[in-house]
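Okay, structure first, notes after.
None of these values were measured; they are calculated from a predicted model. Residue numbers start from 1 in every chain, and the chains themselves are labelled A, B, ... in the order their sequence lines are given, proteins ahead of strands. Because only heavy atoms are used, hydrogens play no part in the values below, and waters and symmetry mates are left out as well, while side chains stay in.
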Amino acid sequence: MATSVDQTVRLHIFEQAAATGTVPSPEVIASGTGLSLESVQASLRRLADGRVIVLSPTSPAIWMANPFSAVPTDFRVIAAGRSYFGNCIWDALGIPAILGADGYVEASCGDCGQPMRVDVRGGAVHGAGVVHFAVPARHWWVNIGYT
Amino acid sequence: MLLFRSEEHVDRWCGRRGIPRGGTMTFEQAWQLARAWYGDKLRPEWRRKSPEEAEAVFEKVGLTEAFWKLR
């Protein structure tokens, strides 16, 4: 069950990611919220258990704060004058959506590798292609990194 | 979830991996899905959608096949 600490931490993560293009580390979250690092780390575990964020499998850092990726991916997004990474094409389009801003996604065809670009302008999407999900929805969280 | 230049490219990708074709959507559907899913996530009152709410979003965008069911 989400606590007020979790709500504070969640908002800080997403506000920072939106404002800077960088998903904050636990240390930055602690510094920005005035919470102890231990409290932040415990909150991050609860948020991950609730599937609000995804933690790195090898460290206490955040891997995904969907739609934002904490690490470079094949889905680069330019929006509101900043550069971001989305975790997938859904998340990449989620970045202009969460910002309420125009932007574009740079990616490539999953088959042939040809560069592809998807634009969001004036609230409408522009581009040609197809989005494909290999994993059925009920299995997305079995391996969210693969999904 | 990946981008492809065309349905043919999706078929080739699935064929090379020996996996069945999954679910596809247009860019317009992906954009509408992204807006419905993430448009309010910076609000303090945001909360994760229930499976029922999520399925309602998928249906509204036109994703009605069994592939998109969560339950």
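Tracing side-chain contacts under 4.5 Å through hydrophobic residues (I, L, V, M, F, W, Y), one never reaches A:Ile29 starting from A:Leu11; they form parts of separate clusters. Following chains of ILVMFWY side-chain contacts shorter than 4.5 Å, one can reach A:Val125 starting from B:Val61, so the two form part of one hydrophobic cluster. No continuous path of ILVMFWY side-chain contacts below 4.5 Å connects A:Ile78 to A:Phe68, so the two sit in separate hydrophobic clusters. A chain of hydrophobic side-chain contacts below 4.5 Å, direct or via other Ile, Leu, Val, Met, Phe, Trp or Tyr residues, connects B:Phe27 to A:Ile89. Residues A:Met64 and A:Val28 do not share a hydrophobic cluster, defined by chaining ILVMFWY side chains whose heavy atoms lie under 4.5 Å apart.
Here the closest heavy-atom approach between residue A:Ala18 and residue B:Leu42 is recorded as CB-CD1, 4.1 Å. What you find for A:Met116 and B:Phe4 is that their closest heavy atoms are CE-O, 3.4 Å. Nearest heavy atoms, B:Ala34 versus A:Ala97: O-CB, 3.7 Å.
If you tally non-hydrogen atom pairs under 4.5 Å between each of A:Leu93, A:Ile98, A:Val52, A:Val130 and chain B, the highest count goes to A:Val130. Counting heavy-atom pairs closer than 4.5 Å to chain B, the top-ranked of the candidates A:Gly100, A:Ala92, A:Cys88, A:Gly110 is A:Gly110.
In this structure, the portion of B:Ile19 lying under 4.5 Å from any heavy atom of chain A is its side chain and not its backbone. When heavy atoms are compared at a cutoff of 4.5 Å, A:Val120 approaches chain B solely by way of its side chain, counted from C-beta outward. Contacts between B:Ala66 and chain A at a heavy-atom distance below 4.5 Å involve the backbone alone (N, CA, C, O). Residue A:Ala124 touches chain B through its backbone alone, counting heavy-atom pairs closer than 4.5 Å.
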Are there donor-acceptor pairs under 3.5 Å across chain B and chain A? List atom names and distances.
from    : atom 1 : to       : atom 2 : distance (Å)
B:Met1  : N      : A:Thr147 : O      : 2.5
B:Leu2  : N      : A:His132 : O      : 3.1
B:Leu2  : O      : A:His132 : N      : 3.0
B:Leu3  : O      : A:Gly110 : N      : 2.8
B:Phe4  : N      : A:Val130 : O      : 2.8
B:Phe4  : O      : A:Val130 : N      : 2.8
B:His9  : ND1    : A:Asp111 : OD2    : 2.8
B:Arg12 : NE     : A:Asp111 : OD2    : 3.0
B:Arg12 : NH2    : A:Asp111 : OD2    : 2.6
B:Arg16 : NH1    : A:Asp111 : OD1    : 2.8
B:Arg16 : NH2    : A:Asp111 : O      : 3.4
B:Arg16 : NH2    : A:Asp111 : OD1    : 2.8
B:Gly22 : N      : A:His132 : NE2    : 2.8
B:Gly23 : N      : A:Phe133 : O      : 2.9
B:Gly23 : O      : A:Phe133 : N      : 2.7
B:Met25 : N      : A:Val131 : O      : 2.9
B:Met25 : O      : A:Val131 : N      : 3.0
B:Trp31 : NE1    : A:Gly123 : O      : 2.9
B:Tyr38 : OH     : A:Asp91  : OD1    : 2.4
B:Lys41 : O      : A:Arg10  : NH1    : 3.0
B:Lys41 : NZ     : A:Asn66  : O      : 2.6
B:Arg43 : O      : A:Arg10  : NH2    : 2.9
B:Arg48 : NE     : A:Arg51  : O      : 3.3
B:Phe67 : O      : A:Ala137 : N      : 2.9
B:Lys69 : O      : A:Arg138 : N      : 3.4
B:Arg71 : O      : A:Arg138 : NH2    : 3.0

Handout entry: Test log, rule side-chain contact (heavy atoms from CB on, under 4.5 Å), inputs A:Val131 and B:Leu3
Key = CA-CA 5 Å; A:Val131 175; B:Leu3 279 182; 4.0 Å; yes
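Annotation: side-chain contact (heavy atoms from CB on, under 4.5 Å) contacts of A:Ala101 (sequence neighbours excluded): A:Ala80, A:Leu99.
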